[in-house]
Amino acid sequence: MSFAPGILAGKAAIVTGGATGIGSYIVRKLGSLGARVAIVSRKEANLKSAVAAFKANDGIDVLWRVGDVRVPDLMQEVIEELANEMGGLDILVCNAAGNFICPTEDLSPNGWRTVIDIDLNGTFNCCQAALPYLKEASAGGRIISISATAANYGWPGAAHAGAAKSGIQNLMKSLAVEWGVYGIRANWISPGPIAGTEGVDRLIIAQGRAQEALDSIPLGTFGEGDDIANAVVYLASALGKYVSGTELTVDGGSQWQRR
Ligand code: HXC
């Protein structure tokens, strides 16, 4: 089951962290529905192998640039180049994230700073760099940030990521108001645990918490990458044109589970 073929034809999208995990599902879905897609992340090897796989498995040509979302000048340069190469920019997916489990009492200032810098500052850097192009998007620019349901609660063991992802949510609300006048919609998706991603493997399964996590999901399974990708398509397409400044939670109902 899918959206109408070509629903994103003529659109140009940048997905940060698009070479791996949830980002790669988003890229595949946007590309297969007609969008021109570019990915940005830190590791050239990941970018190259992802681009080859998108081509071989899905027949999608994906542009790529090495870039660290923490570096504002670099992101200005990279987003400018990609937008020019694609003939504009309609959709920015702020997906790049870093995370690790560490009790807050043991977390070094640099550990805290690193995750805030990648997740929250990185999202700000990309949004600001993309603004001139999103302003020109013919059907209204779309910013879709990937947050996490855990950010709506305390996130014991990942206070840095919880604070950063909460900050992203508030940033999206502010941009929805400030940049709504430019026709830009700014929203965030809060995924629950998504199977086969580094986040779930490292933060849940490797911590011996797989069963506990499954027990907290009313629908009884982890999500799939495409569950998040489909939510992105909805927000990025004409179907989501009146949605701005809000959360789309994709978590199998877990947020309402009594803890
Ligand atoms: C304690 C740690 C640590 C750990 C790093 N640090 N890993 N502290 N426990 N496990 C500390 C380091 O000691 C250092 O502080 C500081 O953090 C920076 O570490 P670097 O390795 O120098 O940083 P960098 O190379 O920039 O790497 C960033 C990273 C990295 C976040 C640390 O692990 C990363 O990028 N991971 C891959 C991305 C990722 O995790 N993606 C999945 C996100 S999933 P000191 O003081 O020593 O200098 C997600 C949602 C999951 O966000 C939802 C699940 C339900």
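If you're wondering where the values come from, they're calculated on a predicted model, not measured in any experiment. The residues of the chain are indexed from 1 along the displayed sequence. Excluded from the calculations below are hydrogen atoms, water molecules and symmetry mates; all remaining heavy atoms, backbone and side chain alike, are included. Indexing begins at 1, ligand by ligand and atom by atom, following the structure's order.
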(request) Would you kindly say whether Asn152 and Glu247 are connected by a side-chain donor-acceptor distance under 3.5 Å? (result) yes

(message) Are the side chains of Phe54 and Ser24 in contact, using a 4.5 Å heavy-atom criterion?
(response) yes

(request) Look at Glu85 together with Arg65 and state whether they make a salt bridge at an N to O cut-off of under 4.0 Å. (result) yes

(request) Kindly indicate whether the side chain of Arg142, heavy atoms from C-beta on, has any atom under 4.5 Å from the side chain of Asp90. (result) no

(request) Run the salt-bridge test on Arg70 and Asp117 with the 4.0 Å N-O cut-off and return the result as yes or no. (result) no

(request) Would you kindly say whether Ser147 and Gln169 are connected by a side-chain donor-acceptor distance under 3.5 Å? (result) yes

Check ligand 1 against the protein and report each N/O to N/O distance under 3.5 Å, formatted as atom name, atom name, distance.
residue, atom, partner, partner atom, Å
ligand 1, 15 (O), Ser108, OG, 3.3
ligand 1, 26 (O), Arg42, NH1, 3.3
ligand 1, 26 (O), Arg70, NH1, 2.9
ligand 1, 26 (O), Arg70, NH2, 3.1
ligand 1, 35 (O), Arg42, NH2, 2.7
ligand 1, 40 (O), Asn99, N, 3.2
ligand 1, 40 (O), Asn99, O, 3.3
ligand 1, 40 (O), Arg202, NH2, 2.4
ligand 1, 41 (N), Ala97, O, 3.3
ligand 1, 46 (O), Ser108, OG, 2.6
ligand 1, 48 (O), Asn110, ND2, 2.9

